[in-house]
Protein chains: 2
Amino acid sequence: MSPYDPSAFPPFAVTVDLVALTVREQALCALTVRRAEPPFEGAWALPGGFVRPDEDLAAAAERELLEETSLRARVMEAACPVRRGEAHLEQLATYGDPGRDPRMRVVSVAYLVLAPDLPTPRPGGDVEGARWTPVDALLEGGRSGGRLAFDHDRILADGVERARSKIEYSSLATAFCPEEFTVGELRRVYEVVWGVSLDPRNFHRKVTGTPGFLVAAGGTTKRQGGRPAQLFRAGEATVLNPPMLRPEP
Amino acid sequence: MSPYDPSAFPPFAVTVDLVALTVREQALCALTVRRAEPPFEGAWALPGGFVRPDEDLAAAAERELLEETSLRARVMEAACPVRRGEAHLEQLATYGDPGRDPRMRVVSVAYLVLAPDLPTPRPGGDVEGARWTPVDALLEGGRSGGRLAFDHDRILADGVERARSKIEYSSLATAFCPEEFTVGELRRVYEVVWGVSLDPRNFHRKVTGTPGFLVAAGGTTKRQGGRPAQLFRAGEATVLNPPMLRPEP
DNA sequence: CCAAAAGTGTTCTCTGTACACCCATGA
DNA sequence: TCATGGGTGTACAGAGAACACTTTTGG
């Protein structure tokens, strides 16, 4: 059996699935779409679709995201900080269990998207209903709210875990923030994603003291509650050294 | 365009490729095979092959590894320490650039294998020549020694980087060791994989002081040079907290 | 005035680092 | 005896945790 006989390879379908996360209303939310056809008709699922014959995997993920949310993402390469208005996109893992799709053999490459909160989570194109759903309701509370189609529960769980661990040692938490943000807003991202509460004083010293993490945006004030806060943008740093420590409960 | 029309999916070939690493003679080595057919006939490549129609991706990786090295691997799931004689296996990433194989569209799921040094790196089955090659020669020194086939240089680089960062915060370095090993042998693993030298005294305190990392194997001595050293086995811990810090040069 | 969020300073503790020193073997 | 690697003790510096305290807004 020669490893590359072009005529004898088994037929596989290849898709991309998206774990698109954002922070909305004090909750970590994932983008879900409602399936319009069987199997799992009417069930919620992660957005995704076929990779086209001459399309790169990451390009397929970007296209699907754009089609369903009109959100532009940018592939994360080493030392590539997220830019204005663009979401962060990275490969998560590949799921190819035989039988994960009841009709045929489908290998799905999952991508993780970290996006700032959007004014409208407007569904676009051919998708019936797309919306942001709190991941807590989809994962642990999923017994009542209903499970996601296929193995998307596991893909979502893997994506959430990747996001939780990655903001520990990278500057990726800023991908959840708008272009300009305050230290308190960034702290709320960490608190929501990790489900903990952090000391505001120590957090402030930590993030402002890490070179390259934040740069002052000049504009020095904004209303959030009490005293006006300085505005920052994401700096050039991509890795946090020393990392942000996740407290244990 | 419905996302799951069984008759309309584009044809893809799906393969697994292995980045199998071990520590031999003070060098981090990767398993390479020599290609017997075009394209890249005669060139070195990572071992790999087609996923069978009803085979899970991880099972395909295990099968390929067994066929080419008679090495048994075990899929790494959360909280699953490596066991006696078995290698560690985890999914690395998926590579699907159109044109990465000149003949057809091939999506390759790469797996990372961390193995102890083997008595014989014996090639098995239908593979012409399989051998362990120092990764330094394959990566930076690759200009002279010759590049790997396809995009395997990049896959190998990603695998090495994953291994380097993963032994920082997990107990995976023990996967490079035989079942029973000394603290000095474990330290040499870190030194070779990272390409640094570590303080033996502090390293000893660190690893023996981390609960669950090492357990004394009873047998208390062995000859390695000077004074006899205690023998240990890998403990139940999988994550290192606090992590092992990689010194900067 | 009070509540709420933004910042700053200080103290304590923990752990990583550097290095002196002793132990047990082979040659 | 010396060289080699194994293992312990100790002192110093840096960073995280806890928290007192000041600043600046809105109500």
Side-chain angles (χ1 to χ4, degrees), chain A residues 26 167-169 173 177 180-192 194 196-233 237 239-249, chain B residues 26 167-169 173 177 180-192 194 196-233 237 239-249:
Chain A
Q26 310 292 341
I167 64 174
E168 243 175 327
Y169 58 89
C177 293
E180 298 194 344
F181 54 89
T182 70
V183 173
E185 288 161 353
L186 182 63
R187 176 169 49 82
R188 253 154 258 138
V189 166
Y190 276 94
E191 291 178 331
V192 165
W194 283 345
V196 297
S197 60
L198 302 173
D199 185 303
R201 293 82 58 113
N202 292 334
F203 183 88
H204 187 279
R205 228 196 327 271
K206 171 85 178 175
V207 296
T208 56
T210 300
F213 191 6
L214 302 182
V215 294
T220 35
T221 79
K222 192 188 179 184
R223 310 295 121 91
Q224 170 83 35
R227 162 177 169 181
Q230 259 192 289
L231 285 171
F232 294 89
R233 296 178 212 268
V239 295
L240 258 40
N241 218 296
M244 199 70 146
L245 291 184
R246 183 168 10 174
E248 44 235 297
Chain B
Q26 310 290 342
I167 64 174
E168 239 175 330
Y169 58 90
C177 294
E180 298 194 342
F181 53 89
T182 68
V183 173
E185 287 161 355
L186 182 62
R187 176 170 48 82
R188 252 154 258 137
V189 166
Y190 276 93
E191 291 178 329
V192 165
W194 283 346
V196 298
S197 59
L198 302 172
D199 186 304
R201 292 86 55 117
N202 293 332
F203 183 88
H204 187 279
R205 229 196 326 270
K206 171 86 179 175
V207 296
T208 56
T210 300
F213 192 7
L214 301 183
V215 294
T220 35
T221 78
K222 193 188 179 186
R223 309 299 121 89
Q224 168 84 34
R227 164 179 167 180
Q230 260 192 288
L231 284 171
F232 294 90
R233 293 178 214 269
V239 294
L240 259 40
N241 217 298
M244 198 69 142
L245 291 183
R246 183 168 10 176
E248 45 236 293

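In what follows, chains are A, B, ... by sequence order, proteins preceding strands, each numbered from 1. The analysis underlying the following values was restricted to heavy atoms, covering all of them including side chains, and did not include hydrogens, waters or symmetry mates.
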Interatomic distance where NZ belongs to Lys222(A) and C1' belongs to dG26(D) [whole Å]: 17 Å
For the student: nearest non-hydrogen atoms of Ala173(B) and Val189(B), plus distance: O-CG1, 3.9 Å
Shortest non-hydrogen separation from Asn202(B) to Arg205(B) and the atoms involved: OD1-NH2, 2.8 Å
Candidate nucleotides dC21(C), dG5(D), dA6(C), ranked by approach to the side chain of Gln224(B) - the nearest: dG5(D)
Gap between atoms CZ and C1', on Phe181(A) and dA6(C) respectively (whole Å): 16 Å
CZ-CG distance between Arg188(A) and Leu198(A), expressed to the nearest 0.5 angstrom: 11.5 Å
Arg205(B) vs Pro200(B), nearer the 5' end of DNA chain D by closest nucleotide: Pro200(B)
Shortest non-hydrogen separation from Ala217(A) to Glu180(A) and the atoms involved: CB-OE2, 3.6 Å
Separation of atom CG in Asn241(A) from atom C1' in dG16(D), rounded to whole Å: 15 Å
Validation row, ring centre Tyr190(A) to ring centre Phe203(A) under 6.0 Å: yes
Report each atom pair, protein N/O against N/O of nucleotides 12-16 of chain C, whose distance is under 3.5 angstrom.
{"residue": "dG16(C)", "atom": "OP2", "partner": "Lys206(B)", "partner atom": "NZ", "Å": "3.0"}

Leu240(A) to Glu168(A) - nearest heavy-atom pair and separation: CD2-O, 4.2 Å
Arg201(B)/His204(B) under side chain to side chain contact (heavy atoms under 4.5 Å, CB included): CA gap, chis, key distance, verdict: CA-CA 5 Å; Arg201(B) 292 86 55 117; His204(B) 187 279; 5.9 Å; no
Atom-pair distance (CZ on Arg201(A); P on dT8(C)), nearest Å: 13 Å
Nucleotide dG16(D), atom C1' - distance to CZ of Arg246(A) in whole Å: 17 Å
Shortest non-hydrogen contact between Pro211(A) and Ala237(A), atoms and distance: O-CB, 3.9 Å
Asp199(B) CG to dT10(D) P, straight-line distance once rounded to whole Å: 17 Å
Close approaches to DNA chain D from residues 182-189 of chain A, in residue order (heavy atom, under 4.0 Å): none
Rounded interatomic separation in angstrom, taking CZ from Phe203(B) and P from dA18(C): 16 Å
Intermediate values then yes/no, side chain to side chain contact (heavy atoms under 4.5 Å, CB included), Met244(A) and Trp194(A): CA-CA 12 Å; Met244(A) 199 70 146; Trp194(A) 283 345; 3.9 Å; yes
Set out, line by line, the N/O atom pairs under 3.5 Å between protein and nucleotides 22-24 of chain C.
{"residue": "dC23(C)", "atom": "O4'", "partner": "Arg227(B)", "partner atom": "NH1", "Å": "3.4"}
{"residue": "dC23(C)", "atom": "O2", "partner": "Arg227(B)", "partner atom": "NH1", "Å": "3.2"}

Point-to-point distance, once rounded to the nearest 0.5 Å, from OG1 of Thr182(B) to CD of Gln230(B): 10.5 Å
Smallest separation among heavy atoms of Lys206(A) and Pro242(A), with atom names: NZ-O, 3.3 Å
His204(A) vs dA6(C): side-chain N/O to OP1/OP2 distance below 4.0 Å: no
Leu231(B) CG to dG6(D) C1', straight-line distance once rounded to whole Å: 13 Å
